[in-house]
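To start, the structure itself, in structure tokens.
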Protein chains: 2
Amino acid sequence: MGDEGEWLPQPEIEDIELVKVLHALGDPVRLWLLKVYAGGEAFSCAPDALGIGHLHKSTVSHHMRIMREAGITSTRAVGRNRYVQLRRDDLDARFPGLLDALLESLPY
Amino acid sequence: MGDEGEWLPQPEIEDIELVKVLHALGDPVRLWLLKVYAGGEAFSCAPDALGIGHLHKSTVSHHMRIMREAGITSTRAVGRNRYVQLRRDDLDARFPGLLDALLESLPY
DNA sequence: TGAATGGTTTGACGTTGGTCAAACCATAGA
DNA sequence: TCTATGGTTTGACCAACGTCAAACCATTCA
């Protein structure tokens, strides 16, 4: 009760590397997740809830870890849930204009 | 003589896919090449001339092909030389602001 | 306390990817 | 014409990657 949850490990702002961010986003599933998280904080990792119901939950967990370790997302663990959000401010500070350009360029 | 050379195969503007561009740039060597080509047209594929003298020339050829097929560069073959340049206008038209943001964010 | 639930981790499997070396191709130059 | 040269292609090798399944862990709730 009253517990805000724990933050899962993520790189410091200055340790976010462009090549890792690009590598992380150079995958169709993770590029899709970028769009999902851009729409607001997600509180479930369930494949169906994320629009990737065709993938196994462990695969989704894998993709979310890669995005978090690349510095794209931050995750707070509260109970059995995971609150995932884009690190908008950090990405904007580190790579000005990049995130906006990416979101503007997303397909669909 | 007077031969302008032949253009190597490359995708049409509308066929350039964001995920392929990001995947292509999610590699340290190709991210380095992006910076090189951003500095102006390159007329040699020699590893030394491109600042990647530690790599075999066939490896460089491989990376250049991936960048071209992703739609990042265009290549004109004139004699034994290859004139490689960034597809600035095409990339700007397809993904507004992305290239500028990337070039601003490059390390070094 | 016991069962169900949301996520993570591990292991396995097939695919893709980066690298080198050698063969190859076409052009330039003697 | 012969040789050297700039680049490409092919094959091989090993590492990295995406995926699933099963085991696992912690939390929730009956």
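Given the structure is predicted, the values throughout are model-derived calculations rather than measurements. Throughout, protein chains are lettered first and strands after them, A, B, ... in sequence-line order, and every chain is numbered starting at 1.
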Mind calculating the distance between [atom1] ([X]) and [atom2] ([N]) to the nearest angstrom?
X     : N      : atom1 : atom2 : value
A/R82 : D/dC25 : CZ    : P     : 15 Å
B/I52 : D/dG7  : CD1   : P     : 12 Å
A/I66 : D/dA16 : CD1   : C1'   : 10 Å
A/H56 : D/dT19 : NE2   : P     : 12 Å
A/M67 : D/dG18 : CE    : C1'   : 15 Å
A/R65 : D/dC17 : CZ    : C1'   : 14 Å
B/R30 : C/dT19 : CZ    : P     : 8 Å
B/D48 : D/dG7  : CG    : C1'   : 15 Å

Of the listed nucleotides [options], the one nearest the side chain of [X]:
X     : options                : result
A/D27 : D/dG18, D/dA26, C/dT8  : D/dG18
A/H23 : D/dC17, C/dA21, D/dT27 : D/dC17
A/R80 : D/dT19, D/dT9, C/dG6   : C/dG6

At what distance, to the nearest 0.5 angstrom, does [atom1] of [X] lie from [atom2] of [Y]?
X     : Y     : atom1 : atom2 : result
B/F95 : B/D90 : CZ    : CG    : 10.5 Å
A/R68 : A/R87 : CZ    : CZ    : 10.5 Å
A/K35 : A/L33 : NZ    : CG    : 12.5 Å
A/E41 : A/L86 : CD    : CG    : 10.5 Å

Discussion item. Counting only heavy atoms from other residues, nucleotides and ligands, does the tally under 6.0 Å from CD of B/E104 exceed 12?
Written reply: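 Atom CD in B/E104 is not packed in, count stays at 12 or less.
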
Whether [X] contacts [N] is assessed here as follows: a side-chain N or O lying under 4.0 Å from the phosphate OP1 or OP2. Is that the case?
X     : N      : result
B/S44 : D/dG7  : yes
A/H63 : D/dT19 : yes
A/S58 : D/dA23 : no

Worksheet item: How do B/S61 and A/V29 order along DNA chain D: which one's closest nucleotide is nearer the 5' end?
Response: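 Per heavy-atom nearest nucleotide, the more 5' residue is B/S61.
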
Worksheet item: How would you label the contact of A/A77 with the nucleic acid (heavy atoms, under 4.0 Å): base, sugar-phosphate, or nothing?
Response: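 Counting heavy atoms under 4.0 Å across all strands, no contact is made by A/A77.
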
Practice prompt. Look at all strands and tell whether A/H62 reaches a base, only sugar-phosphate, or nothing, counting heavy atoms closer than 4.0 Å.
Written response: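 Base contact - A/H62 has a heavy atom under 4.0 Å of at least one base atom.
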
Worksheet entry | Residue whose nearest DNA chain C nucleotide is more 5′ - A/T59 or A/N81 |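 Counting from the 5' end, the first nearest nucleotide belongs to A/N81.
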
